[in-house]
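One structure is given below, encoded as structure tokens.
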Number of protein chains: 2
Amino acid sequence: MTPQEKELYFNVALCSGLVLFGFDGEELKILIYRKKDDPYRGALTIPSKYVAPDTSNECVVQTMLKENIGIDDKNIYVEQLKAFVKVFRNPLGRVVNVAYYALVKLTPEIEKEAEKRNGLWVKYNEIPDLAFDHNEIISYAKERVKRRVKRRPIGFHLLPKEFTIAQLQSLYEKALDRELDKRNFRKKIFNSNLIIETGNTTDPKEYRKVAKLYRFDEEKFEKLSLKGYDFLF
Amino acid sequence: MTPQEKELYFNVALCSGLVLFGFDGEELKILIYRKKDDPYRGALTIPSKYVAPDTSNECVVQTMLKENIGIDDKNIYVEQLKAFVKVFRNPLGRVVNVAYYALVKLTPEIEKEAEKRNGLWVKYNEIPDLAFDHNEIISYAKERVKRRVKRRPIGFHLLPKEFTIAQLQSLYEKALDRELDKRNFRKKIFNSNLIIETGNTTDPKEYRKVAKLYRFDEEKFEKLSLKGYDFLF
DNA sequence: TCAAAAGTGTTCACTGTACACCCATGG
DNA sequence: CCATGGGTGTACAGTGAACACTTTTGA
């Protein structure tokens, strides 16, 4: 490669975009921000951050998780979506956004933590207009999650350690954007043998009727992951 | 963004990588090259090309199709896989490879054309060691094609206008990397109503027994594509 | 006593899969 | 006459989808 070519081609910026899905037991939400700098000051965006040439995109995603919701945990489920590469995405120059999505269990603390840092949690089905091509990125992320949820038990990343079947079903309904039959859902979940009764129940003060709590069988999950796909909805 | 930041971040090169799948009626193949320049002179690679900051990645893919196999056709099926972004992919600097795959119907002419231009067609299941992370890219592409083939009738992009059921089945077997039952396959294909008997048959000189030729019902295909997924294998 | 959510089985249609033989033709 | 590949139907199991009532308990 000639020096001229080097100057021509090594002239692109790289950034990581993050579609952060959070589930609070009832609602599936996505974290967005109001931009505080140019370009598009004041517009809404998903979390995005430039990547220095000697830093990995995945590292920047971890940094964003730490900065945006205060989570410093390597076990958060993160997966690349694809690159968004349109020429005129950004007025500063050619910026390639390599988009990722991540799944987190929301607690009131995490929600507040993100809001303290100027984040906004918006419902999965009520995404406002965003800057750049970020709406397109979110659509792509939602499709990916729909597909993953149908095939792999990634839903467990979004739930607390112990959860009720109703919470699990609610999550699947939100992610797939359709109602599921309660009896069929339970049959399917129990047949998968991926969840185990913990023996605990919900706090009687919180609900009208106590519900059994379950946890996820990690061993079975590992085997299933290795084998490939299963767990269809 | 400060000028210092601009200098720091706008320092990455962008390239399009292409996993080109071709089917000749019997074998599913991938096109690779022997590299003629540094770095890794002499190593095998998939077609890749730097993208100038004012050019779209998709455009570069079209250019590669033209340069590598002499096909100048906007109807070739092309889809982005994802970005391959490791920091030390390339000794010249940070190069982000946005990988695509494309599907083409191979004729002896196209195969020879590509070979004239130094291309090598390797069988889907006999991929040699490649430079950079190109083996990883091909693995990812194969997984994507497997999934797509199961869900959408993209197989038709790899076949000539008129084809036999045996050719179609052979393609599916190669792509999915397993044998399929002849009767079940025919049942499934005919039930999908996606193919139409043309009334023509194969040339009696070519085969021991003539076989009916079919074509693909584009109208039904459009409807099916819009509706979403179907056509499971 | 009523509203709200937990929990529980059966039936039917469809789809995937396993499986074997006859026919036409060229060598 | 035989090797090759085209073409055809049935039976069984498993899964998806539709569907309604009882129980518990807090308000």
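Chain identifiers are assigned alphabetically (A, B, ...) following the order of the sequence lines, protein sequences preceding nucleic acid strands; residue numbering begins at 1 within each chain.
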Take the protein atom CD of A/Gln167 and the nucleotide atom C1' of C/dA6, then report the distance between them rounded to whole Å. 13 Å
Mind checking what makes salt bridge (Lys or Arg N to Asp or Glu O under 4.0 Å) contact with B/Asp72, not counting sequence neighbours? B/Lys66
Write down the distance between CD (A/Glu179) and P (D/dC19), rounded to a whole number of angstrom. 13 Å
To the nearest 10°, let me know how far the axis at one end of the helix from C/dT1-D/dA27 to C/dG27-D/dC1 is tilted from the axis at the other, five pairs an end. 0°
Ring-face cation contact, B/Phe84 with B/Lys82, 6.0 Å cut, 45° max: yes
Could you tell me which residues satisfy side-chain hydrogen bond (donor to acceptor under 3.5 Å, both in side chains) with A/Ser56, sequence neighbours excluded, listed by chain and number? none
Nearest-Å distance, CG (B/Leu213) to C1' (D/dG5)? 15 Å
Calculate the interatomic distance between B/Asp203 atom CG and C/dT25 atom P; express it in whole Å. 14 Å
Pairing residues for B/Arg144 by the salt bridge (Lys or Arg N to Asp or Glu O under 4.0 Å) criterion, not counting sequence neighbours: B/Glu79
Taking only residues at least two apart or on different chains, which pairs with a member in residues 155-175 of chain B satisfy salt bridge (Lys or Arg N to Asp or Glu O under 4.0 Å)? none
Protein-nucleotides 9-12 of chain D N/O pairs under 3.5 Å:
| residue | atom | partner | partner atom | Å |
| --- | --- | --- | --- | --- |
| D/dT10 | O4 | B/Lys187 | NZ | 3.0 |

Qualifying residues under ring pair (Phe, Tyr, Trp, His ring centres under 6.0 Å), relative to A/Phe163, sequence neighbours excluded: A/Phe156
Contacts under 3.5 Å, N or O only, protein and nucleotides 22-24 of chain C:
| residue | atom | partner | partner atom | Å |
| --- | --- | --- | --- | --- |
| C/dC23 | O2 | B/Lys209 | NZ | 2.9 |

Indicate yes or no: at least one non-hydrogen side-chain atom of A/Glu58 is less than 4.5 angstrom from one of B/Val85. yes
Test salt bridge (Lys or Arg N to Asp or Glu O under 4.0 Å) applied to B/Arg117 - qualifying residues, sequence neighbours left out: B/Glu113
Rounded distance (Å) that lies between atom P of D/dG7 and atom CZ of B/Phe190: 8 Å
Is the phosphate of C/dG16, meaning OP1 or OP2, less than 4.0 Å from a side-chain N or O of B/Lys188? yes
Take atom CG of A/Asn191 and atom P of C/dG9, then tell me their distance rounded to the nearest Å. 13 Å
Separation of D/dG16 atom C1' from A/Tyr172 atom OH, nearest Å, is 16 Å
Quick one: side chains of residues 15-35 of chain A, donor-acceptor pairs under 3.5 Å with protein atoms, not counting sequence neighbours, listed by atom name and distance.
| residue | atom | partner | partner atom | Å |
| --- | --- | --- | --- | --- |
| A/Ser16 | OG | A/Asn57 | O | 3.1 |
| A/Ser16 | OG | A/Asn57 | ND2 | 3.2 |
| A/Asp24 | OD1 | A/Glu26 | N | 2.7 |
| A/Asp24 | OD1 | A/Glu27 | N | 2.6 |
| A/Asp24 | OD2 | A/Lys29 | NZ | 3.1 |
| A/Lys29 | NZ | A/Glu111 | OE1 | 3.0 |
| A/Tyr33 | OH | A/Asn68 | OD1 | 3.0 |
| A/Arg34 | NH1 | A/Gly42 | O | 2.8 |
| A/Lys35 | NZ | A/Asp37 | O | 3.2 |
| A/Lys35 | NZ | A/Asp37 | OD1 | 3.0 |
| A/Lys35 | NZ | A/Pro39 | O | 2.9 |

Which part of the nucleic acid does B/Lys212 contact within heavy-atom distance under 4.0 Å: base, sugar-phosphate only, or nothing? sugar-phosphate
Those residues at least two apart in sequence (or on a different chain) that pass salt bridge (Lys or Arg N to Asp or Glu O under 4.0 Å) with B/Lys212 are B/Glu197
For B/Leu180 and D/dG7, give me the distance from atom CG to atom C1', rounded to whole Å. 17 Å
Residues at least two apart in sequence or cross-chain that pass side-chain hydrogen bond (donor to acceptor under 3.5 Å, both in side chains) with A/Asp133, listed by chain then number, are A/Arg89
